[in-house]
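Written out below as structure tokens is the structure these notes cover.
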Amino acid sequence: MLTLRLPDGSRRQVAPGTRPRDVAEAIGKRLAQAAVAAKVNGVVVDLDRELPVDGQEEVAFQLLTDKDPEALDVLRHSCAHIMARAVMRLFPGAKLAFGPTIENGFYYDIDVTPPIREEDFPRIEEEMRRIIREAEPFERFERPTAEARALCADLEQPYKVEHIDDDLKQFPTLSFYRQGEFVDLCRGPHLPHAGKVGAFKLLSIAGAYWKNDASRKQLQRLYGTAFFTQKELDAYLTQLEEAKKRDHRLLGKQLKLFTISPAVGSGLILWMPKGAIVRGLLESFIKEELLKRGYQPVYTPHIGRLELYFTSGHFPYYRDAQFPPLHGHPLGAVVEQWLIRMHARQRGEGSLTAAEEEEYLAEVERKSADFPAAAYRAAADATQKMATLQDWLVKQDSYLLKPMNCPHHIQIYKAEPRSYRDLPVRLAEFGTVYRFEQTGELSGMTRVRGFTQDDAHLFVTPEQIETEMRANIDLVLFVLSSLGLSDYRVRVGLRDPKSDKYVGSDEDWATAQRILVDIVKGLGMTYSAEEGEAAFYGPKIDFVVRDCIGREWQLGTVQLDYNLPKRFELEYIGPDNKPHRPVMIHRAPFGSMERFMGILIEHFAGAFPLWLAPEQVRILPVSDRFAEYGRKVEAELRARGFRVSGDYRPDKIGYKIREAQLDKVPYMLVVGEKEQSAGTVAVRERSAGDLGAMPVAELLARLDQEVRERRIRK
RNA sequence: GCUAGCGUAGCUCAACGGCAGAGCACAGGUUUUGUAAACCUGCGGUUGAGGGUUCAAGUCCCUCCGCUAGCUCCA
């Protein structure tokens with residue numbers, strides 16, 4: 001016998017071979033009806049899966065109904081199967097890859113020719129509805145792995161075969177689910193039958209690479225969502241619509257905060273006057289804080305010698321993601337391409353044949369007398385050849401639009417001898433950088449090609465690392481909390497041990513990663529440590545937020561770096577009168593002004609708090625006759641430093657209020673007969689509405705305090 | 001970069017392969033107004049660009065540009 005411990009604490013003895021469905025039926029008819037799946041010792045299983053029998057004294061047992069979040073996952077997973085089944089019926093020969101649930105729904109990756117298009121959705125959905133009406137059960141069965149592989153081959157599902165070969169060989173048996181004619185390799189669990197799917201909708205279609213690898217075939221990913229009831233689905237879709245109204249791209253246009261002109265270029269933000277006010281205030285806010293925290297502001301140019309970025313490693317590493325260099329020699333671009341391809345070949349990416357190498361050599365020899373072709377030919381190996389090319393290239397006075405500020409700040413550090421007494425040196429700059437992001441990545445203000453980081457680089461002794469790292473995390477938290485941004489997660493980005501894209505020694509990485517993890521642990525922060533999320537020169541702590549449609553973006557970041565100090569041979573003189581190597585900390589509390597602004601617009605839905613609002617107060621005279629009094633109040637407020645305007649058009653007051661509300665002006669001051677004679681203003685607050693009349697002095701005191709506190713209201 | 005979709009007036013959107021339209025905004029006028037839209041008149045377009053098919057293209061085809069979602073990338 002097996003003892004089940006139910007959620008209410010009671011215990012129940014069952015015979016071996018009992019299924020959750022039997023337990024549900026024994027408990028009650030309604031529960032048996034409502035049950036979707038069961039949770040046994042924390043693992044969600046099918047209702048028809050036999051309960052374990054051996055070696056367990058007692059198992060935790062819970063029946064899941066549509067009230068349980070795990071049940072929704074089961075429902076969506078089953079709905080993904082139903083969608084795949086419908087696609088297989090309508091598109092014979094479709095090959096299935098992966099079909100998991102995701103946060104708000106599910107997808108299935110499918111390889112089908114010709115491709116599925118959105119206009120196919122109605123008939124796929126129709127077929128899915130038919131399958132749901134038929135309410136056939138999902139039947140689980142297992143096969144030894146070799147047989148499972150043969151079955152997938154029989155089903156003509158090559159991706160499933162490959163999946164078994166690559167990832168599942170170590171399991172003795174594999175499970176399948178059958179639903180009528182449809183059989184799919186799947187871990188489960190599933191609904192008892194398709195009829196449990198109350199409501200679903202196909203949402204979108206997109207390309208997705210097989211196994212997330214851009215070098216492999218691109219499949220079609222069909223996204224959908226499902227719920228137990230139509231009402232829940234409708235609520236979700238309404239919520240999506242509502243969220244879209246907060247989109248910074250929409251609000252940015254409506255509120256005239258920023259624009260992007262194809263004439264200037266994709267991904268290049270043009271800050272309009274109102275957006276510029278908000279940005280300026282944010283910059284002042286953080287500058288003030290930086291001075292308090294011992295930072296030294298610096299300014300550096302937008303371009304730098306190409307050699308600088310060879311030294312830092314940025315140029316060869318990120319060549320494709322940068323605007324092309326400005327070459328000082330007509331052959332610069334040729335040699336650059338040549339060199340980059342040599343780099344790629346050495347990393348095992350791309351190809352460069354000996355014949356192509358010869359073509360490059362012939363071309364530069366023909367066109368340029370000063371190219372050291374002999375030295376190139378005499379070079380012992382590829383590394384030496386690359387050195388020859390690089391030496392020539394950097395001598396030609398080529399420049400790069402800076403993709404990072406660190407090399408410039410490093411030169412400021414190096415401009416004078418440094419003593420341990422000077423450290424930490426904290427150099428801060430709103431540094432504008434340019435990166436040639438892929439077209440498909442560009443998105444409003446959140447992913448752009450030119451942006452300004454609220455950047456700083458700290459040069460510290462090893463002993464100072466922890467204190468400075470903590471101080472910077474504190475700064476990020478201060479910034480976020482000052483703006484009421486509380487919905488973020490902390491990510492510790494670690495090196496992917498399987499990748500060779502990182503620079504620096506294993507020891508340095510181990511040390512740096514340990515320090516970071518210790519710090520976030522020490523601060524008691526909830527974090528996720530993620531391999532592969534480090535910068536190529538060091539691990540980092542990122543503060544990640546979501547935009548209005550659920551995408552995650554990195555805002556603040558604090559990064560530890562042992563590598564650039566080595567590459568640039570940075571030093572300070574220690575108490576022992578000997579040179580030592582400093583450690584660098586890269587950090588940006590906002591991340592970039594552009595991205596931060598985008599997120600902030602969505603966070604406030606465009607309704608900035610008073611201290612940030614581009615227009616803080618608008619005067620609304622009831623009629624022309626009170627315009628003069630209105631202008632007087634306006635002048636008074638402006639003299640006190642408020643950003644104020646007046647709407648003196650001959651329109652009705654309701655219309656002016658509507659416009660001011662839509663412009664999300666925090667305070668509207670209605671002035672008419674009563675106010676003019678009493679020397680007051682009728683105050684209307686953006687969200688609270690009519691606050692009644694008050695003397696101008698009283699209003700000023702109120703506004704002053706609200707700004708001083710940087711008060712945030714939602 | 002890749003897959004799918006989209007691009008019409010400043011904005012939001014209509015128009016079967018057959019006369020390019022509406023609302024808002026804007027301008028002029030009337031109204032002199034009390035807490036989210038007064039009324040009248042007017043202006044506004046090489047339908048993203050270029051090429052092609054057709055008697056006829058906003059609509060069909062091709063190339064490019066831009067945008068959206070996702071994938072890959074993200075110092």
Side-chain angles (χ1 to χ4, degrees), chain A residues 102 107 109 115-121 203-223 244 247 249-250 253-254 256 260-263 265-267 309 312-315 317-318 320-322 402-407 433 435-444 446-448 453 455 493 501 503 533-538 540 542 549 551 553-554 557 559 561 563-564 586 588 595 620-627 649-662 668-675 682-686 689-693:
Chain A
I102 48 174
Y107 67 76
D109 287 347
I116 295 171
R117 308 190 321 164
E118 270 183 46
E119 63 188 43
D120 298 318
F121 280 4
L203 295 175
S204 64
I205 199 161
Y209 299 103
W210 168 233
K211 297 206 168 182
N212 292 336
D213 182 346
S215 68
R216 303 209 206 199
K217 179 152 190 184
Q218 192 165 43
L219 314 172
Q220 287 200 288
R221 179 167 293 177
L222 269 63
Y223 285 91
K244 279 186 190 163
D247 193 315
R249 292 164 295 191
L250 187 70
K253 185 184 275 185
Q254 277 172 11
K256 298 184 179 163
I260 300 171
S261 163
S266 296
Y309 300 95
S312 72
H314 289 110
F315 182 69
Y317 191 82
Y318 289 109
D320 291 341
Q322 291 172 74
K402 72 177 169 183
M404 286 285 285
N405 299 303
C406 22
V433 297
R435 300 177 184 175
F436 193 76
E437 305 288 2
Q438 300 179 76
T439 49
E441 287 303 339
L442 300 175
S443 180
T446 45
R447 191 78 186 265
V448 294
Q453 298 174 311
D455 209 359
K501 70 172 190 175
V503 298
E533 291 294 328
F536 78 99
Y537 50 71
K540 54 183 185 152
D542 293 329
I549 53 176
R551 290 181 294 202
W553 301 100
Q554 172 194 315
T557 182
Q559 314 178 348
D561 178 8
N563 292 301
L564 288 181
H586 309 235
R595 180 175 289 178
L620 308 177
V622 168
S623 87
D624 278 359
R625 292 192 286 127
F626 313 108
R649 294 174 302 177
D651 274 304
K652 297 184 76 162
I653 188 67
Y655 181 79
K656 294 182 189 178
I657 286 171
R658 178 184 151 78
E659 292 234 311
Q661 287 283 157
L662 291 175
M668 288 151 265
L669 305 183
V670 177
V671 293
E673 186 67 51
K674 285 176 288 193
E675 290 74 21
V683 180
R684 183 188 165 96
E685 201 271 336
R686 181 174 56 198
D690 192 354
L691 301 180

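Numbered from 1 within each chain, the chains take letters A, B, ... in sequence-line order.
The side chain of Lys540(A) contributes an N or O atom lying less than 4.0 Å from OP1 or OP2 of A75(B). Using a 4.0 Å cut-off, no side-chain N or O of Arg221(A) falls inside it from OP1 or OP2 of U3(B). Remark: Arg249(A) is in phosphate contact with U68(B), judged by side-chain N or O atoms under 4.0 Å from OP1 or OP2. For Arg649(A), no side-chain nitrogen or oxygen approaches OP1 or OP2 of G28(B) to under 4.0 Å. For Tyr318(A) and A75(B), the shortest distance from a side-chain N or O to OP1 or OP2 is below 4.0 Å. A close approach under 4.0 Å does occur between a side-chain nitrogen or oxygen of Lys501(A) and OP1 or OP2 of C74(B).
Scanning for salt bridge (Lys or Arg N to Asp or Glu O under 4.0 Å) contacts around Asp542(A) gives Arg491(A), Lys540(A), with sequence neighbours left out. Partners of Arg649(A) under the side-chain contact (heavy atoms from CB on, under 4.5 Å) rule, at least two apart in sequence or in another chain, are Asp647(A), Asp651(A), Tyr655(A), Glu659(A). In terms of the salt bridge (Lys or Arg N to Asp or Glu O under 4.0 Å) criterion, residue partners of Arg117(A) (sequence neighbours excluded) are, by chain and number, Glu119(A). Taking the side-chain hydrogen bond (donor to acceptor under 3.5 Å, both in side chains) definition, one finds that Gln322(A) meets it with nothing, sequence neighbours left out. Every salt bridge (Lys or Arg N to Asp or Glu O under 4.0 Å) that Glu685(A) has, sequence neighbours left out, goes to Arg713(A). Residues passing the side-chain contact (heavy atoms from CB on, under 4.5 Å) test with Phe536(A), sequence neighbours excluded: His314(A), Tyr317(A), Tyr318(A), Val503(A). Listed by chain and number, the residues in a salt bridge (Lys or Arg N to Asp or Glu O under 4.0 Å) with Lys652(A) amount to none (sequence neighbours excluded).
Protein atom CD of Gln220(A) is 19 Å distant from nucleotide atom P of A69(B), rounded to whole Å.
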Polar-atom pairs under 3.5 Å, protein N or O versus N or O of nucleotides 36-38 of chain B: list them with distances, or write none.
from   : atom 1 : to        : atom 2 : distance (Å)
A36(B) : N7     : Arg684(A) : NH2    : 3.4
A36(B) : N6     : Gln661(A) : NE2    : 3.1
A37(B) : N7     : Arg658(A) : NH1    : 3.2
A37(B) : N6     : Arg658(A) : NH2    : 2.6
A37(B) : N1     : Arg658(A) : NH2    : 3.0

Under-3.5 Å N/O pairs linking protein and nucleotides 5-10 of chain B:
from  : atom 1 : to        : atom 2 : distance (Å)
G5(B) : OP1    : Arg117(A) : NH1    : 3.2

Between the protein and nucleotides 60-65 of chain B, list the N/O to N/O atom pairs that are separated by less than 3.5 angstrom.
none

How is the base pairing of RNA chain B summarised as a dot-bracket string, given the Watson-Crick and G-U wobble criteria with both distances under 3.5 Å, [ ] for crossing and | for another strand?
(((((((..((((....[..)))).(((((.......))))).....(((((..]....))))))))))))....
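The listed nucleotides are U35(B), A75(B), A4(B); the one nearest the side chain of Ala321(A) is A75(B). When the nucleotides G34(B), A75(B), U33(B) are ranked by their closest atom to the side chain of Gln559(A), A75(B) comes out on top.
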Do nucleotides 11-17 of chain B as a string where each nucleotide becomes B, S or -: B if the base has a protein heavy atom under 4.0 Å, S if just the sugar-phosphate does, - if no protein is that close.
-S-----
